[in-house]
Amino acid sequence: QVQLVESGGGLVQPGGSLRLSCAASGSIFSITYMGWYRQAPGKERELVAGVLSGDGPSYANFVKGRFTISRDNAKNTVYLQMNSLKPEDTANYYCNAWVRADYSTPPYAYWGRGTQVTVSS
């Protein structure tokens, strides 16, 4: 089993910044992908940013130029630096990781429980 634990959410004023962290632990042989999704009340969960092992990051259009995703492979951790936050960024942010438990098994998707980000004055 693999656990993903997010941290760093909170209340911030428009134009402010937050940094989210997600640490993976448990039966991990390798992590092929780590990313962030978000879900606002009454809306579908949507991809915010992701990074595939050996590849560059990808971003949703609505965060390009404002958010930066990064990975620390040694710590099995992914970060999301969020700048110039807007009220419409308010949502529960979820960490997602595709993890292989050993060399012979395919990657399996895991989710964190989410961390709330609220952008309001």
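For reference, positions follow the sequence shown, starting with 1. Hydrogens, waters and symmetry mates are skipped; everything else that's a heavy atom, side chains included, is used.
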[X] vs [Y] side-chain heavy atoms within contact, under 4.5 Å:
| X | Y | value |
| --- | --- | --- |
| W111 | R45 | yes |
| N76 | S25 | no |
| P14 | P87 | yes |
| I69 | W36 | yes |
| Y93 | Q39 | no |
| Q81 | L20 | no |
| N92 | V117 | no |
| F67 | L80 | yes |

Mind jotting down which residue pairs meet the salt bridge (charged side-chain N to carboxylate O under 4.0 Å, His left out) criterion with at least one end in [range]? Sequence neighbours excluded, please.
| range | result |
| --- | --- |
| residues 11-21 | none |
| residues 52-63 | none |
| residues 112-121 | none |

Subject >> Whether over 12 other heavy atoms sit under 6.0 Å from Y108 OH >> reply: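 No, OH of Y108 has 12 or fewer neighbouring heavy atoms, counting only those of other groups under 6.0 Å.
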
[X] to [Y] - nearest heavy-atom pair and separation:
| X | Y | result |
| --- | --- | --- |
| N83 | S17 | OD1-OG, 2.9 Å |
| M34 | C95 | CE-SG, 4.5 Å |
| R71 | S53 | NH1-OG, 3.1 Å |

Subject >> Set of residues satisfying ring-ring contact (aromatic ring centres under 6.0 Å, His included) with respect to Y94, sequence neighbours excluded >> reply: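 Not a single residue meets the ring-ring contact (aromatic ring centres under 6.0 Å, His included) criterion with Y94.
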
Subject >> Test ring-ring contact (aromatic ring centres under 6.0 Å, His included) applied to F29 - qualifying residues, sequence neighbours left out >> reply: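 By the ring-ring contact (aromatic ring centres under 6.0 Å, His included) rule, F29 matches no residue at all.
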
Determine whether [X] and [Y] fall in the same hydrophobic cluster, where Ile, Leu, Val, Met, Phe, Trp and Tyr are linked whenever their side-chain heavy atoms lie under 4.5 Å apart.
| X | Y | result |
| --- | --- | --- |
| I28 | L4 | yes |
| L85 | L47 | no |
| Y37 | W98 | yes |

What distance separates [X] [atom1] from [Y] [atom2], expressed to the nearest 0.5 Å?
| X | Y | atom1 | atom2 | answer |
| --- | --- | --- | --- | --- |
| E44 | R38 | CD | CZ | 14.0 Å |
| S7 | Y79 | OG | OH | 9.0 Å |
| I31 | L52 | CD1 | CG | 12.5 Å |

Using only atom types and a distance under 3.5 Å, with no angle test, would you say the side chain of [X] pairs donor to acceptor with the backbone of [Y]?
| X | Y | result |
| --- | --- | --- |
| S27 | V2 | no |
| N96 | Y110 | yes |
| T77 | K75 | yes |
| R100 | T105 | yes |

Original post:
Where do S120 and L11 land on the side chain to side chain contact (heavy atoms under 4.5 Å, CB included) test, with the steps shown first?
Top reply: CA-CA 7 Å; S120 175; L11 173 64; 4.2 Å; yes

Original post:
Could you give all pairs that pass the side chain to side chain donor-acceptor pair (under 3.5 Å) test and reach residues 56-68, with sequence neighbours left out?
Top reply: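 Pairs touching residues 56-68 that pass the test: N61-K64, R66-D89.
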
